[in-house]
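Structure, as structure tokens:
Everything quoted here is computed from the prediction, not taken from an experiment. FYI, the numbering just counts along the sequence from 1. We use all heavy atoms of the structure for the numbers below, so side chains are in, but hydrogens, waters and symmetry mates are not.
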Amino acid sequence: MSGGTAAARDGIRGAALGTASVPLSVLDLVTVGSGRTASQALATSVALSRLAERRGYHRHWVAEHHSMPGVASSSPAVILAHLAAHTRRIRLGSGGVMLPNHAPLVIAEQFGTLEALAPGRIDLGLGRAPGTDGATAAALRRTDRLGEGADDFPEQLSELTRFLDDDFPDAHPYARIHAVPGPVQGPKGRPPVWLLGSSGFSARLAGLLGLPFAFAHHFSARNTLPALELYRQTFRPSAVLDAPYALIGVAALAADEAREARRQVLTGALSMLRLRTGRPGLIPTPDEAEAYEFSHMEREFVDDWLSNVVHGTPDEVRAGLDELQKRTGADELMITANAHGGDARLRSYELIADAYGLPEQAAAGTPKEGAATA
């Protein structure tokens, strides 16, 4: 598949640069480390987006999470507007917005606004999970009947798409309701819709609708191959895509020395252990993670978690990413680097870019006020 030509045609597919076999992208959880603040985490996200743009990463997505002290990405649209003001070329998007948490009209308005701020650079990735625990999901949705929101996902997606395209049938109750900014103001582009998933539901739906698909390999590795196979088997060509396009999120962290990489990824593993056992908090420091006394069961969890985190020296990470891409046939790798400090995360993306020989892009500069995409 010709990456550059296809990307120009559909706004989805990117170009593989350097020695990478597929485009490389960034998934950002805006993590907050112990002793640090959300302001510092958000400043790191700006620095990361500018680094990613400079080094040729294809897109930078942020993910909706709630009631997690170590994750400051509860409002993807707000963060993306901020990133758009500090970049010029890189694609920006949600990885994803959890559609059952919101009215479809609200999402259409938010991402229509983002598209107006950064025309041709916005992706709308959608998930059906709550992005949090059940109690928080109930507070978000103002109901404890959470299963209904997930079951209604196809209908919610259809409604959102119609708001984005402004094409409800004349007899529809929403025919006179318009998402603004949007097509009612005149011909314009709109963000491509992606479906996100960690199981087969969204894989099948994305295939049937002919949409691009993003799979959460970084926390659901056992389901990766079955979900991708299901997506490809059920894919039907659409006005959006003529062939399947699947990216996978992969946890990866490179450091100058393998031991340091291990120290950094252990912080993310301990943070996940605490989250899964009902003790969410800020991302621990490497020293705290190394000093933690794991029980036998906790050590099994951590070892299993780290088995799916590609980490080590830049050459080791490149080899691990290449093996994963060949094994899955992924059309794009979206890298998430979870660690305590922003410096380690930024250094990792720089080292991975160097390992693949990604060419330095011309400096973008900070867009002037009122010219975010000039």
Side-chain angles (χ1 to χ4, degrees), residues 3-4 7 11-31 40-63 71-73 76 78-96 114 117-118 120-125 191-192 194 214 218 247-255 264 310 314 317-318 321 325 330-339 341-367 372-373:
I12 294 170
R13 293 168 280 197
L17 302 179
T19 60
S21 57
V22 296
L24 304 179
S25 292
V26 173
L27 175 62
D28 184 5
L29 302 186
V30 196
T31 48
Q40 290 172 314
L42 290 164
T44 294
S45 290
V46 171
L48 174 55
S49 202
R50 292 175 62 78
L51 182 156
E53 180 170 79
R54 174 173 58 82
R55 293 310 311 266
Y57 288 91
H58 181 50
R59 64 182 102 237
H60 180 172
W61 282 3
V62 296
V71 178
S73 57
V78 175
I79 297 171
L80 293 172
H82 188 57
L83 298 181
H86 288 81
T87 56
R88 291 180 183 271
R89 296 183 301 269
I90 193 168
R91 297 195 66 86
L92 302 168
S94 57
L114 288 168
L117 287 169
R121 292 206 288 140
I122 303 299
D123 298 324
L124 175 50
W194 289 69
H218 55 296
L247 70 75
I248 59 173
V250 52
L253 190 137
Q264 294 295 337
V310 182
V317 170
R318 180 187 61 196
L321 292 176
Q325 190 281 323
D331 299 295
E332 185 173 332
L333 297 179
M334 178 166 276
I335 299 167
T336 182
N338 294 332
D343 289 345
R345 295 175 61 219
L346 294 170
R347 178 63 175 161
S348 175
Y349 285 105
E350 192 85 66
L351 289 173
I352 291 172
D354 287 343
Y356 281 106
L358 301 189
E360 290 266 359
Q361 308 294 306
T366 302
T373 58

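Interatomic distance, D331 CG to I12 CD1, rounded to the nearest 0.5 Å: 11.0 Å. For the atom pair I122 CD1 and L114 CG, the distance stands at 5.0 Å (nearest 0.5 Å). To the nearest 0.5 angstrom, S348 atom OG is 12.5 Å from D343 atom CG. The structure places CD1 of I335 at 4.5 Å from CD1 of I352, a figure rounded to the nearest 0.5 Å.
Inter-residue side-chain proximity for V317 and L253 is flagged as unmet; no heavy-atom pair is nearer than 4.5 Å. By the 4.5 Å heavy-atom criterion applied to side chains, I248 and Q325 are not counted as neighbours.
Across P23 and H58, no two heavy atoms sit closer than the pair CB-CB, 4.2 Å. The shortest heavy-atom contact between P76 and S73 is CD-O, 3.9 Å. For G56 against L17, the heavy-atom pair with the smallest separation is O-CD1, 3.4 Å. Considering all non-hydrogen atoms of both residues, G95 and A63 come closest at O-CB, 3.2 Å. Considering all non-hydrogen atoms of both residues, D28 and S45 come closest at OD2-OG, 2.7 Å. Between H82 and H86 the shortest heavy-atom distance is O-ND1, 2.9 Å.
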- Message: Pair L42, V30 - check side-chain contact (heavy atoms from CB on, under 4.5 Å), show working.
- Response: CA-CA 6 Å; L42 290 164; V30 196; 3.7 Å; yes

- Take V250 and L321, measure what side-chain contact (heavy atoms from CB on, under 4.5 Å) needs, and give me the verdict at the end. CA-CA 8 Å; V250 52; L321 292 176; 4.0 Å; yes

- Query: Stepwise, does the side-chain contact (heavy atoms from CB on, under 4.5 Å) test hold for Y356 with L24?
  - Reply: CA-CA 10 Å; Y356 281 106; L24 304 179; 3.6 Å; yes

- Item | Worked check of side-chain contact (heavy atoms from CB on, under 4.5 Å) between R50 and L83 | CA-CA 9 Å; R50 292 175 62 78; L83 298 181; over 6 Å; no

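Y349 pairs by the ring pair (Phe, Tyr, Trp, His ring centres under 6.0 Å) definition with Y57, not counting sequence neighbours.
Counted by atom type alone, T31 and N338 present zero donor-acceptor pairs between their side chains at under 3.5 Å. Side-chain polar atoms of H60 and S49 form a donor-acceptor pair below 3.5 angstrom. If you check the side chains of D123 and W61, you find a donor sitting under 3.5 Å from an acceptor. Under the 3.5 Å distance criterion, with hydrogens and angles disregarded, a donor-acceptor pair is assigned to the side chains of R121 and T87.
A donor-acceptor pair under 3.5 Å links the side-chain atoms of R91 to the main chain of G120, judged by distance alone. Distance alone, capped at 3.5 Å, places no donor-acceptor pair between the S25 side chain and the M334 backbone. Distance alone, capped at 3.5 Å, is enough to place a donor-acceptor pair between the S94 side chain and the G125 backbone. Side chain of E53 to main chain of R89: a donor-acceptor pair is present (N/O by atom type, distance under 3.5 Å, no hydrogens or angles). Q264 contributes no side-chain N or O that, together with a main-chain N or O of A339, makes up a donor-acceptor pair within less than 3.5 Å. A donor-acceptor pair is defined here as one N or O able to donate and one able to accept, closer than 3.5 Å; no such pair exists between the side chain of R55 and the backbone of E360.
Looking at E350 and R54, a side-chain N of the basic residue comes within less than 4.0 Å of a carboxylate O on the acidic one, giving a salt bridge. Ion pairing between a basic and an acidic side chain is recognised when a charged N comes within 4.0 Å of a carboxylate O; E332 and R59 show such pairing.
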